Amino acid sequence: MEATFLLTLLITFLASFIGYELISKIPQTLHTPLMSGSNAISGITLIAAILIYPEVGESQILKIIVLIAIAFATLNIVGGFSVTGRILEMFKKND
Amino acid sequence: MEATFLLTLLITFLASFIGYELISKIPQTLHTPLMSGSNAISGITLIAAILIYPEVGESQILKIIVLIAIAFATLNIVGGFSVTGRILEMFKKND
Amino acid sequence: MIEVILLVSSVLFIFALKLFGRPSTAHRANTFAMLAMALAVFSAFNFDFSNYDPAFYITIVVSGLLGVLISKRVQMTQMPELVGLFNGFGGGASGAIAYVELSKSTLPLSDYFVAIFSMVIGVFTFSGSIIAVLKLRGKLNNVNTTIANIFSAFLPPLILLPAIWEEMEILSLEYFMLLSLIAGIIRVAVIGGADMPVVIAFLNSLSGIAAMSAGFIVNSIILIVAGALVGASGIILTLLMCAAMNRTLLDVLKGGFGGAAINNEYDKDPISTSPEDVAIQLSYAESVVIVPGYGMAVAQAQAAVKELTNTLKDKNIEVKFAIHPVAGRMPGHMNVLLAEVDIDYEDMYTLEDINSEFSSTDVVIVLGANDVVNPLARTDENSPIYGMPILDVDLAKQVIVIKRSMSPGYAGIANPLFINDNAKMLFADAKEGLENIIKSFELV
Amino acid sequence: MIEVILLVSSVLFIFALKLFGRPSTAHRANTFAMLAMALAVFSAFNFDFSNYDPAFYITIVVSGLLGVLISKRVQMTQMPELVGLFNGFGGGASGAIAYVELSKSTLPLSDYFVAIFSMVIGVFTFSGSIIAVLKLRGKLNNVNTTIANIFSAFLPPLILLPAIWEEMEILSLEYFMLLSLIAGIIRVAVIGGADMPVVIAFLNSLSGIAAMSAGFIVNSIILIVAGALVGASGIILTLLMCAAMNRTLLDVLKGGFGGAAINNEYDKDPISTSPEDVAIQLSYAESVVIVPGYGMAVAQAQAAVKELTNTLKDKNIEVKFAIHPVAGRMPGHMNVLLAEVDIDYEDMYTLEDINSEFSSTDVVIVLGANDVVNPLARTDENSPIYGMPILDVDLAKQVIVIKRSMSPGYAGIANPLFINDNAKMLFADAKEGLENIIKSFELV
Ligand SMILES: NC(=O)c1ccc[n+]([C@@H]2O[C@H](COP(=O)([O-])OP(=O)(O)OC[C@H]3O[C@@H](n4cnc5c(N)ncnc54)[C@H](OP(=O)(O)O)[C@@H]3O)[C@@H](O)[C@H]2O)c1
Ligand SMILES: NC(=O)c1ccc[n+]([C@@H]2O[C@H](COP(=O)([O-])OP(=O)(O)OC[C@H]3O[C@@H](n4cnc5c(N)ncnc54)[C@H](OP(=O)(O)O)[C@@H]3O)[C@@H](O)[C@H]2O)c1
């Protein structure tokens, strides 16, 4: 999606605002899974890595750096969601 | 601000979501001013009227219709905010 | 630059809504919203004010002044009508704009449908709101639902008419406008007067949606943001009211509720009482709960309520207000009237907060309220209000009902509370009744 | 098409966050977030998977498997470290991407600054997180704050260096990267171990902001939406923790808190007790509140807690858990450990909810908690924890403290609770102590 800079700013504001409102309401009990879950989401940067990977061109060094970014981000996403799932499983048993 | 259709949809979603979250939290005591206040905001359509007014061209009929729209929207905005202010003034006294 | 202004305006609108969340910040919310609106309007001129002729400026100034005038003149009890009226104007404006845009032949197809949508919704909001206002003023009786049913049945062929009958094609815009106008009138006409608050909140939501779609046509994000906020606000209030009556929105919009006098007889005479007796009873109470209803608004009795409250508090009697979510004729109606006479909002309790307290309350004064305290909602499965959450005043030690007669409330059904053993009726206009009680206090 | 997928993905992320709000829907929240992530990743390929070589796919698969492996292996007590580690990876990835983009000379100026920002924040998050993990594992002692102060003082000239010294210009990117790396290390190194949760939440917020700015560079809205959500989440948790300790974020980041042993003497000997005595005392109690702390996590005593709870409940003794917002080493740490052993979250109370109940509680068991029950926070203005809201266990009829010694908690100060008249110390490892109590019950 392409957008003008200010529209992007508006979206940034709206999303941050929603984040603020929603997270303020999450009870303390869930703060650990929230932390690990939102941590997993920060791996979203993987998308940027995928987008730029085909464009790095010849440079092997840059390519390796992007691959490192991909490895890091994937670890963050997969590990993060998996561990969050494990934690939440414990809360589910209580229902 | 110009934007692609889907970005606009995203903004629509984000704004509606925020509206939903915020308004769900407003206590019953304030429902009347909320109603009159959000009513005033719906006069925002005045902006559309201002935008298209210079473009209606020759047609006198269309011009008059836009003027009616402007009158309606202005009434809605000015009257709405003014009456909301009056109502809220009553709540302020209580502090 | 314009973009920055619009960004700021959007942000302000959202913070305004956030500040609306607490009585102590709500008046600042209004200032924020006004500022946001001013910025948005200003930005629409794009720094070029010469594009506009005197007719334009005169229209703005005159209607603005008119708006101020009306809003200053109106009484707090007429608030529901006023909101309905302004709301109709907002919808009408969106409808008119969509019509003008549609008249230009340059609209791309996708925008075309959005514009049709905006026009239909806007015009429907306009005519529906006008009817709602007339109903609230008591100028219109309920229309039989069959008319609406017939109209709905014929709507599909009516809509398709221009597609079939070629001569109509050139006028099809005007034709659709007329259809929406009629639809608005008929739809609202069949709905009972006391359901008008739901209708108005729903139309408020629609006017927001109309503004939002106008935003899609003229490509303005601020219309979309503000419109979405209004749309959300209206729909939430609508659903809250429906929940408070245990009815669905569809049920309300279908119309035909209330007005019908069913099962309107009592198998026992009520005990009636006098202002003097009430005064004596109150002076022996330790805790009093006042339940205001539509009758308080009609009688403009709020000042008298304040006076009675002061009298009671001076005697160290605890006074609370129990406010049902749909008491009166608009959400929060009672709260505003009480706030008008400086009653602290800390003393106003919602249904959930106070219902458990009635059993330990000495005296409950039901002031021009009826349906919202009708115990049939709990007990009679066949009652039209069955399942509606009510204020359980019948559990209190003593209930005093102040109203003019035994006639029913909006739902049109008898209220067994009136003949309960612990209830006494003070037949009087709400204001006069209270004033007489206060006078009697001076004699006690 | 891609745009539609991204729109759906954004919406899903937001609903995921909303579902996170209640324990009963939270596990669905994770599914939503995973789905949103999968859609976003899928869309990045733009339906053309052939653009990518084997190295790419191998990297993804291997690191994905590694992620699963680590997450399945880790113990619940190591959660803080794990979150910190993953967080560092996320930040590092954003930093690396920004670096690559910066290496391309085609970046427009506005994006250039955003990219620098993203790189600095990302790399800082990376190195800071690694240090935080090492500290949590106890592999690193507190570093003297003077190092950090000196570094901060020299930072401005260090940043300006490439502008002055021409030879450095070509390497300025790498130079800035190095500076950020060092800054992350030094900044976190001076902060005490028990403040690591705050640091990790703060770095979590930063990693969201880094992802968000990466979104600005590669022009991807989904990165912005998701990044903003993470940024907001991290900062809220950070501020909540700071509020729970009555310290400001700046104060925490400045470092130098805790570790110092001040005023560590008691003018009285504590009363020590035995598992048998505790068992007897408990069996006469009607209400018991258990206050878990860091010691429970260290000792992995949660299963023993569950067993004791069952034993007590079988005897019709009411058992509640009082959980301080910063008990343990991460927000919600105790809740997770207790949930692990199937303790109902309805039985876990927050500080606000339980503090008024202590005065009517028969026995409080403080299990490896210390600072969060230190009454000096209420009474001693000079104490480093003064003003921190604490669990007022000293108001209970009897307090039993299970810990291994009289040594202080993280804040490094003596706890007068231990020598209170109504307190008894059971010197033991949390797990062993509990197990002995349970055994004694069988003998009672
Ligand atoms: N507020 C909302 O947003 C909303 C929305 C939708 C529907 N409604 C409906 O509106 C109704 C509200 O209930 P409610 O209890 O407030 O009102 P109600 O049930 O309509 O009863 C009002 C009562 O006030 C009495 N009254 C009228 N004028 C009076 C005067 N001058 N002095 C004293 N009493 C007077 C009437 O009895 P007398 O003629 O004997 O005096 C009548 O019984 C409910 O049926 C509710 O479902 C409200
Ligand atoms: N949770 C968070 O998010 C967070 C964030 C920022 C700061 N903090 C800080 O962390 C601290 C948390 O307070 P807290 O009361 O949970 O912990 P604490 O004050 O650090 O005390 C923990 C106690 O547990 C005992 N302990 C250690 N190992 C044990 C074992 N195996 N068995 C039994 N006891 C053991 C220690 O005493 P012995 O050595 O005598 O056994 C110690 O006194 C606070 O100072 C808070 O400000 C927490």
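In what follows, every heavy atom counts, from backbone to side chain, and hydrogens, waters and symmetry copies are set aside. No experiment lies behind these values; they were computed from the predicted model shown. All chains are named by letter (A, B, ...) in the order of the sequence lines, taking the proteins before the strands, and each is independently numbered beginning at 1.
When all heavy atoms of A:S16 and D:A228 are compared, the closest pair comes out as OG-CB, 3.5 Å. In this structure, D:L223 and A:A48 approach most closely via the heavy-atom pair CD2-CB, 3.8 Å. Considering all non-hydrogen atoms of both residues, A:I44 and D:A211 come closest at CG2-CB, 3.9 Å. Of all heavy-atom pairs between D:N87 and A:N39, the closest is CA-OD1, 3.2 Å. When all heavy atoms of D:V230 and A:S38 are compared, the pair lying nearest together is CG2-O, 3.3 Å. Taking every heavy atom of both residues into account, A:L30 and D:F20 meet most closely at CD1-O, 3.2 Å.
Going from atom CD1 of D:I217 over to atom CG of A:L51 covers 12.0 Å, rounded to the nearest 0.5 Å. Distance check, rounded to the nearest 0.5 Å: OG of D:S94 to CZ of A:F72 gives 11.5 Å. The distance from atom CG of D:N204 to atom OG of A:S42, rounded to the nearest 0.5 Å, is 6.0 Å. Rounding to the nearest 0.5 Å places CE of D:M334 at 10.5 Å from CD of A:Q28. Here CZ of D:F42 is found 12.5 Å from CD1 of A:I47. Values are rounded to the nearest 0.5 Å. To the nearest 0.5 Å, atoms CD1 (D:I224) and CG (A:L14) are separated by 12.0 Å.
A:R86 is not listed as a side-chain neighbour of D:S71, based on a closest heavy-atom distance of 4.5 Å or more.
Heavy-atom distances place the side chain of A:I77, and not its backbone, under 4.5 Å from chain D. The contact between A:L22 and chain D is made entirely by side chain atoms (from C-beta outward), counting heavy-atom distances below 4.5 Å. When heavy atoms are compared at a cutoff of 4.5 Å, D:L338 does not approach chain A at all. Only the backbone of D:P197 comes within contact range of chain A, with at least one heavy atom under 4.5 Å from a heavy atom of that chain. If you measure heavy-atom distances from D:I200 to chain A, the contacts under 4.5 Å come from both the backbone and the side chain. Interface remark: D:I236 contributes side-chain atoms only to the contact with chain A (heavy atom separation under 4.5 Å). Residue contact with chain A, scored on non-hydrogen atoms closer than 4.5 Å, involves the backbone of D:R73 exclusively. Contacts between D:I70 and chain A at a heavy-atom distance below 4.5 Å involve the side chain alone, from C-beta outward. Looking at A:I68, there are no atoms closer than 4.5 Å to chain D (heavy atoms on both sides), in backbone or side chain. Residue contact with chain A, scored on non-hydrogen atoms closer than 4.5 Å, involves the backbone and the side chain of D:I97 alike. Using a 4.5 Å cut-off between heavy atoms, D:A55 contacts chain A through both its backbone and its side chain. Of the atoms belonging to D:M34, heavy atoms from both backbone and side chain fall under 4.5 Å from chain A.
Pairs engaging residues 9-27 of chain A under the salt bridge (Lys or Arg N to Asp or Glu O under 4.0 Å) rule: A:E21-B:K25, A:E21-C:K18, A:K25-B:E21 [sequence neighbours left out].
A donor-acceptor contact shorter than 3.5 Å links the side chain of D:N30 to the backbone of A:F81. Between the D:N51 side chain and the A:P54 main chain, no donor and acceptor come within less than 3.5 Å of each other.
In terms of heavy-atom pairs under 4.5 angstrom with chain A, the leader among D:E346, D:M37, D:H333 is D:M37. In terms of heavy-atom pairs under 4.5 Å with chain A, the best-connected choice from D:G231, D:S43, D:P325 is D:P325. Looking only at heavy-atom pairs under 4.5 Å with chain D, the residue among A:I41, A:I70, A:T84, A:L62 that has the most is A:I41. With chain A as partner, the option from D:L69, D:V74, D:L65 having the largest number of non-hydrogen pairs under 4.5 angstrom is D:V74. Top candidate by heavy-atom pairs under 4.5 Å with chain A, chosen from D:Y99, D:F89, D:F13, is D:F89. Each of D:G67, D:A36, D:A232, D:A93 has some count of heavy-atom pairs under 4.5 Å with chain A, and the biggest count is that of D:A93.
In this structure, the side chain to side chain donor-acceptor pair (under 3.5 Å) partners of A:E55, at least two apart in sequence or on a different chain, are D:K104.
Partner D:S63 forms a side-chain contact (heavy atoms from CB on, under 4.5 Å) with one of A:V78, A:L46, A:T74, A:N76 and no other, that one being A:T74.
Looking at D:N335 and A:T32, their side chains never bring a donor and an acceptor atom within 3.5 Å of each other.
In this pair, A:Y53 and D:Y52 present their aromatic rings parallel. The plane angle is below 30°, not in the 30 to 60° band.
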